[in-house]
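One structure is given below, encoded as C-alpha cells.
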Amino acid sequence: MDHHLQVTDSRTGKSYKIPIQGNYIRAADIGRIGAPEDKEDIASLKAARPLQILDNGFQHTACMESSITHIDGLRGTIRYREFPIESVFHQYVYEDVMHLIIWGSIPTQQQKDHVREVMGQAMNPPQSVKDVISSFPRDAETFPMILAGMSAFASTDSVICKTRHQQSAMFHGHLDTADEALARTIAYLATTISLIYCHKNNQPWTPPSVSRSLLGNLLHMMGITDPRVESCLAKLWILYADHEMTNSTAAVLHAGSTLIDPVSAVTAGIICGYGPLHGGAIDLAYEAFRHIGTAERVPPFIERIKAKGGRLFGYGHRVYKTRDPRVALIEELLEEHRDAVEANPLLRVAMAIDRYANQDPYFVERGLKANADLMGCFLYTAMGFDTDMIIAITILSRTPGALAHWRESLTQPVKLWRPQQKYNPPLAN
Ligand SMILES: CC(C)(COP(=O)(O)OP(=O)(O)OC[C@H]1O[C@@H](n2cnc3c(N)ncnc32)[C@H](O)[C@@H]1OP(=O)(O)O)[C@@H](O)C(=O)NCCC(=O)NCCS
C-alpha cells in the first residue's frame with residue numbers, strides 16, 4: 001500500500017500529496033509546495049517560492065542513500081552489509097571487515113594479498129614526508145602533524161595531484177582508479193601516524209612490509225611488537241570500522257562531492273574527527289578524569305556540570321538513545337584484558353561517573369550513556385597509547401569506512417553538496 005502525507009498549505013489553500021517511502025519523504029516533493037512572499041501575489045500564485053526545510057544540525061535529514069551500514073538507534077543494532085556487528089566481531093578480524101565494508105564481501109586470501117600489496121607499497125614515505133614530520137617539535141600536538149603529513153603525501157602522489165587539473169572526473173565512475181587511490185590514502189594515514197609516533201617518542205621508524213595487514217603494518221612501523229596489541233585492536237577496530245553518516249564521514253562526502261581527491265576528502269574528515277563534540281571528546285573526557293582524580297569527587301563534579309549546563313565528554317550520542325550495541329562487545333575485550341585495563345587508575349573514576357550518571361535523572365531522561373569511543377579508550381590506554389595518539393588511531397580505523405562511503409558516492413550521479421541557510425535580517429538597534 002502506498003503511503004503519503006496529505007498537506008494543505010494554508011497560505012494558498014492548495015493541497016499536495018507527498019509520497020512516503022520507507023519512512024522518508026523527498027525534499028524535492030516539499031519543493032513542489034510554494035507560495036509567493038507578497039500577499040498581493042498569493043491570489044495569482046505568481047513567483048511562488050519553493051518551501052524550504054530548516055534542519056539545524058541535520059537531525060532529520062538524510063543526505064545519501066547507502067547500502068553499507070545500518071544503525072537502528074532505537075533498537076540498538078548495527079549491521080555492516082547486513083551482517084550483525086556481533087557476528088562479524090566474533091568471526092572475523094578487522095582486515096576482513098574492512099574489505100566487507102568497502103568492497104561488500106569478506107575477502108579471499110588473494111584479495112587480501114592484493115590490498116596488502118597496494119597499501120604496503122604506498123607506506124614507504126618519500127623523504128619530504130619524513131622531513132615534514134620531523135620538523136615539528138617532539139611535543140607538538142598530533143592533529144596538526146597529521147594534516148601536514150597528509151598534505152606532504154598528497155603532493156607526492158601523481159594521480160592525486162592530477163585530480164584538480166582534469167577536465168573529466170578522475171574517480172567518479174572509475175572504480176579501478178578510485179580503489180587504488182583509496183587504498184593509498186589509508187596507507188598514507190597509517191604511515192603518517194606511525195612517523196608521528198616515532199618522532200614524538202624519539203625512536204627509529206621501521207619500514208613496512210607488503211605481507212602485513214594495515215593494522216599489522218601500523219604497529220610494525222611504530223615498533224610495537226607485543227602480539228596482544230594487534231589481536232586486541234584487530235577486534236576493537238571492527239567496532240569503529242564504520243558508523244554510517246557520522247559528522248566526519250559527511251565531511252569526507254561533502255569534500256568529495258566537489259570531485260576532489262580522496263586524500264583531501266579524508267583530510268576534511270580528520271579535521272572533524274578531532275573536534276571536541278566528535279572524536280576529540282576523548283581528550284576532554286580523559287582531562288576530566290585526571291582533574292577529578294578519585295571516585296569520591298565524582299558527584300560534585302557532575303553536579304557542577306549540570307548546574308552550569310555543561311557537557312560530560314564521552315557521554316551521549318546523536319543516534320543512540322538506548323545502549324550502544326558496541327559497548328557490550330567492548331566489555332568482552334575489557335574483560336579479556338582486565339589486568340592491563342585495571343592498572344589504569346582513571347578507569348575507577350570513569351566507572352564511578354558511569355554509576356552516578358546511570359541513576360541520575362538528568363542523564364537517564366536524556367538517554368545519555370558512556371559512548372563506545374570512550375569505553376574503547378580504556379583498551380587503548382591499557383595497550384600503552386596516550387589520548388592524543390588514541391584519537392589519531394581511532395580516526396585511522398574509521399577511514400576505510402568513510403572511504404567506503406566515498407567509493408559508493410562514485411557510483412551515484414554527481415551532485416555537489418550545497419546546503420542552504422535561512423536568512424534572518426539583522427535586528428534594528
Ligand atoms: C554527542 C552529542 C554531540 C550528541 O548530541 P545531540 O544528539 O545533538 O543532543 P543535544 O546536544 O541536542 O543534547 C540533548 C540534551 O542532552 C544534553 N546533553 C547531551 N550530551 C550531554 C553530555 N555529554 N553531558 C551533559 N548533557 C548533555 C544537552 O545539554 C541537551 O539538554 P537539554 O535538552 O536540556 O537542552 C552530545 O551528546 C555531546 O555533546 N556529547 C559530549 C561529546 C562527546 O562525547 N562526543 C562524542 C560522541 S561519539
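Just so you know, ligand 1 is whichever comes first in the structure, and atom 1 is the first atom listed for that ligand.
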Taking distance alone, with N or O pairs closer than 3.5 Å, would you say L312 contacts ligand 1?
yes
Numbered atoms of ligand 1 (with element) below 4.0 Å of D373, judged on heavy atoms
48 (S)
In a table with atom names and distances, give each donor-acceptor pair under 3.5 Å that connects a side chain of residues 416-426 to protein atoms at least two apart or in another chain.
residue	atom	partner	partner atom	Å
K422	NZ	N424	OD1	2.7

Is the closest side-chain donor-acceptor distance between T249 and T246 under 3.5 Å?
yes
What protein heavy atom sits nearest atom 41 (C) of ligand 1, and how far off is it?
Y315 O, 3.3 Å
Heavy atoms from other residues, nucleotides or ligands near CD of E65 exceed 12 (cutoff 6.0 Å)
no
Closer than 4.0 Å to some heavy atom of L368 - which atoms of ligand 1 meet that?
18 (N), 19 (C), 20 (N), 21 (C), 26 (N), 27 (C)
Is there a salt bridge (Lys or Arg N to Asp or Glu O under 4.0 Å) between R116 and E95 once you walk through the steps?
CA-CA 10 Å; R116 284 180 177 206; E95 188 177 25; 2.7 Å; yes
Who's the nearest protein heavy-atom neighbour of atom 33 (O) of ligand 1, and how far?
R366 NE, 3.8 Å
Centroid separation F171 to W406 less than 6.0 Å
yes
Say whether T142 and Y274, considering side chains only, have a donor N or O and an acceptor N or O under 3.5 Å apart.
no
Verify the neighbour count for atom CZ of R138: are there more than 12 heavy atoms of other residues, nucleotides or ligands below 6.0 Å?
yes
Determine whether any protein heavy atom is located less than 4.0 Å from atom 35 (O) of ligand 1.
no
To check your reading of the model: name the closest protein heavy atom to atom 1 (C) of ligand 1, its residue, and the distance in Å.
G316 O, 3.8 Å
Taking both backbone and side-chain atoms of N371, is any N or O found less than 3.5 Å from an N or O belonging to ligand 1?
yes
Show the atoms of ligand 1 that are less than 4.0 angstrom away from any heavy atom in L277.
39 (O), 43 (C), 45 (N), 46 (C), 47 (C)
Where do D283 and T387 land on the side-chain hydrogen bond (donor to acceptor under 3.5 Å, both in side chains) test, with the steps shown first?
CA-CA 6 Å; D283 231 352; T387 47; 2.8 Å; yes
What I want to know is whether A281 and ligand 1 share at least one N or O pair that is separated by under 3.5 angstrom.
no
Under 6.0 Å between ring centres, would you say that holds for H243 and H405?
no
Which class fits the ring pair F378 and F289: parallel under 30°, tilted 30 to 60°, perpendicular over 60°?
parallel
Nearest non-hydrogen protein atom to atom 7 (O) of ligand 1, with distance, is R318 NE, 3.1 Å
In plain terms, say whether D29 and R32 are close enough for a salt bridge, that is, a side-chain N and a carboxylate O under 4.0 Å apart.
yes
Would you say G310 touches ligand 1, if touching means a heavy atom closer than 4.0 Å?
yes
How about atom 17 (C) of ligand 1: does it have a protein heavy atom within less than 4.0 Å?
yes
Counting only nitrogen or oxygen atoms and a 3.5 angstrom limit, does Y362 reach ligand 1?
yes
Residues R212, E117: salt bridge by 4.0 Å N-O rule
no
Atom 11 (O) of ligand 1: of K369, E365, R311, the nearest heavy atom sits on R311
Which atoms of ligand 1 are found less than 4.0 Å from any heavy atom of H278?
45 (N), 46 (C)
Protein heavy atoms near atom 9 (O) of ligand 1, is at least one of them under 4.0 angstrom away?
no
Per-atom contacts of ligand 1 with G314, taking only distances under 4.0 Å to non-hydrogen atoms:
43 (C), 44 (O)
Show the atoms of ligand 1 that are less than 4.0 angstrom away from any heavy atom in F313.
42 (C), 44 (O)
